[in-house]
*Asks:* 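My structure is below; once you've seen it, I'll send some questions.
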Protein chains: 2
Amino acid sequence: MAVARKETPRERYRAQLRAEIKERAWEQIATAGAPGLSLNAIAKQMGMSGPALYRYFAGRDELITELIRDAYRSLADTVRAAGPGADLSELGRALRGWALDDPQRYFLVYGTPVPGYHAPDDVTEIASQIMEILLDAAQSTGPAAGAPDEERLDAHLAENRQWAAGHSASPAALRRALLFWTRLHGILSLELAGHFTGMGLDPMELYDSELQHLTR
Amino acid sequence: MAVARKETPRERYRAQLRAEIKERAWEQIATAGAPGLSLNAIAKQMGMSGPALYRYFAGRDELITELIRDAYRSLADTVRAAGPGADLSELGRALRGWALDDPQRYFLVYGTPVPGYHAPDDVTEIASQIMEILLDAAQSTGPAAGAPDEERLDAHLAENRQWAAGHSASPAALRRALLFWTRLHGILSLELAGHFTGMGLDPMELYDSELQHLTR
DNA sequence: CCTGGCGGTTATAACCTCTAACGAACACAC
DNA sequence: GTGTGTTCGTTAGAGGTTATAACCGCCAGG
């Protein structure tokens, strides 16, 4: 254990209130999306008057950033919980479950960014942790070499692999991890945004097919 | 020619002003995203006072809806201009060019939706026109049958093809069109959102590889 | 005990969307 | 040419937001 000085009641209260604020924020986001989040409404909901929340968050941006951070952490925990030693199939199912569980949380991570916004460092840190788990799974899943029409991409990835952060994955594994990410995100993103509704097809069939193709 | 009664100066003026409002709106969206669009700011920029704009748009929502409509039309025009008779490669390049040309326009079509919002009918009409062009290209591009691991999906698509609106594409072509859509969107969406920045890889290599794989 | 920090309050500024009421200018009929 | 009605733009204002400032009371540690 670390030093972990006993928490003062004040600190406990403060942490608890911050958590409740975030709880309400998630509820609001679930029903009105991130742009519909209102500090004032949260405060009113909690029985306090507007500016009180500024004791706990520097402003709306900091609250949203905190929610994004939590969303990233939640995703990392989810894929971690599927492993270690999980293959891409399990990771894919875990990802889909996480996305469907709270679409707005997914959009907080992978949705339309605000042009000015820049993610804090620890968020990109978590993102690379996720990528590492993905790379582990990708390496232990499929063949180590690619088909002829994948040569060019594999060569590019072999030369530009700094995003893999020293991971020992083969170029083919790098490619699989990357395609896992982009392809599944493509389907999930369109599905959650409702672009499949009315088309009369089951996105899960598409998803599973892609997943099977990635792990063959 | 249709009857096309001569436009009155009033109508001309009105149309011109509506166009200018939309022009300013696009500028704002490009720099601050859709949630940062402000009718007041547009009015001030144009030298009029706030409520004047309500003569031209019923409100912020109608303006945004109109921009979404224009974005869809622009995308449809772009893919139409690549054809007719364009194959998936050309369509893919046209799509990427269109997306990179104005990322926020792309996000207006495929980005995070506002939970309450429902697209008007003519927008879904345009969407199905785009899908039809895609299906044409998909049918004339690859093989008519799928690999063994694509059987299940092809069967599902053969049974649920109402989204193809009576198009005569083979199940394999349906699958190619769908994967063209989801896979390329996956890459474009992540690229435009900046999720590749700092990874040190070229999204275009990934994109081209996927495109080549789709048309092989 | 008492004093400083913390949590909450109200007031206020500066935005925003949107409605209402008014005035001016224009187009059209006569 | 004159009247009349529609349209355009204005200001005023209600009600919402974020955010800051000033103030007050309470709890906690010295």
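Letters A, B, ... mirror the listed sequences (proteins, then strands); counts begin at 1.
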*Asks:* For B/R105, which residues count as a side chain to side chain donor-acceptor pair (under 3.5 Å) partner, sequence neighbours excluded?
*Replies:*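 Counting only residues at least two positions away or on another chain, B/R105 forms a side chain to side chain donor-acceptor pair (under 3.5 Å) with B/S74, B/D101.
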
*Asks:* List in chain and number order the residues that pass side chain to side chain donor-acceptor pair (under 3.5 Å) with A/W26, two or more places apart in sequence or in another chain; answer none if no residue qualifies.
*Replies:*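 A/W26: no side chain to side chain donor-acceptor pair (under 3.5 Å) contacts found.
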
*Asks:* Are any of A/S49's side-chain N or O atoms less than 4.0 Å away from OP1 or OP2 of C/dT9?
*Replies:* no

*Asks:* What pairs of nitrogen or oxygen atoms, one from the protein and one from nucleotides 24-26 of chain C, lie under 3.5 Å apart?
*Replies:*
none

*Asks:* Can you tabulate the close N/O pairs, meaning under 3.5 Å, that link protein atoms to atoms of nucleotides 16-20 of chain C?
*Replies:*
residue, atom, partner, partner atom, Å
C/dC16, OP1, B/S38, OG, 3.3
C/dT17, OP1, B/L39, N, 2.6
C/dT17, OP2, B/N40, N, 2.9
C/dC18, OP2, B/Y54, OH, 3.1
C/dC18, OP2, B/R60, N, 2.7

*Asks:* What is the separation between atom CZ on B/R55 and atom P on C/dA21, rounded to the nearest whole Å?
*Replies:* 13 Å

*Asks:* Mind checking ring-ring contact (aromatic ring centres under 6.0 Å, His included) for B/F107 and listing every partner two or more places apart, or none if nothing turns up?
*Replies:* none

*Asks:* Which residue pairs pass the side chain to side chain donor-acceptor pair (under 3.5 Å) test with at least one member in residues 82-94 of chain A, sequence neighbours excluded?
*Replies:*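 Found none.
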
*Asks:* Between side-chain atoms of residues 130-141 of chain B and protein atoms elsewhere (two or more places apart, or another chain), which donor-acceptor pairs fall under 3.5 Å?
*Replies:*
residue, atom, partner, partner atom, Å
B/D136, OD1, B/H167, NE2, 2.6
B/Q139, NE2, B/S168, O, 3.1
B/S140, OG, B/D136, O, 3.4
B/S140, OG, B/A137, O, 3.3
B/T141, OG1, B/A137, O, 2.5

*Asks:* Does a nitrogen or oxygen in the side chain of A/Y13 sit under 4.0 Å from OP1 or OP2 of C/dG8?
*Replies:*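 For A/Y13, the contact criterion (side-chain N or O under 4.0 Å from OP1 or OP2 of C/dG8) is met.
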
*Asks:* Between C/dC6 atom P and A/M48 atom CE, what is the distance in whole Å?
*Replies:*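 Rounding to the nearest Å, CE of A/M48 and P of C/dC6 are 17 Å apart.
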
*Asks:* Verify whether one side chain among B/T65 and B/Y117 offers a donor that lies under 3.5 Å from an acceptor in the other.
*Replies:*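 Their side chains do contain a donor-acceptor pair, which is all the 3.5 Å distance test asks for.
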
*Asks:* Output the residues of residues 14-35 of chain B in contact with DNA chain D, where contact means a heavy atom of the residue under 4.0 Å from an atom of the strand; sort by number or write none.
*Replies:*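 Hits under 4.0 Å, by residue number: B/R14, B/L17.
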
*Asks:* Please enumerate all residues that pass side-chain contact (heavy atoms from CB on, under 4.5 Å) together with A/P115, with sequence neighbours excluded.
*Replies:*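 Residues passing side-chain contact (heavy atoms from CB on, under 4.5 Å) with A/P115: B/Q104.
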
*Asks:* Does the side chain of B/L206 come within less than 4.5 Å of A/L153's, by heavy atoms?
*Replies:*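 Counting from C-beta outward, A/L153 and B/L206 do come under 4.5 Å.
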
*Asks:* Which pairs with one or both residues in residues 194-214 of chain A pass salt bridge (charged side-chain N to carboxylate O under 4.0 Å, His left out), sequence neighbours excluded?
*Replies:* A/E205-B/R152, A/E210-B/R183

*Asks:* Which side-chain N or O atoms in residues 44-60 of chain B pair as donor and acceptor under 3.5 Å with protein atoms at least two apart or in another chain?
*Replies:*
residue, atom, partner, partner atom, Å
B/R60, NH1, B/L37, O, 2.5

*Asks:* For residues 33-43 of chain A, pull every pair meeting salt bridge (charged side-chain N to carboxylate O under 4.0 Å, His left out), keeping only residues two or more places apart or in separate chains.
*Replies:*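 Residue pairs with at least one partner in residues 33-43 of chain A: there are none.
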
*Asks:* To the nearest Å, how far apart are A/E62 CD and D/dA19 C1'?
*Replies:* 14 Å

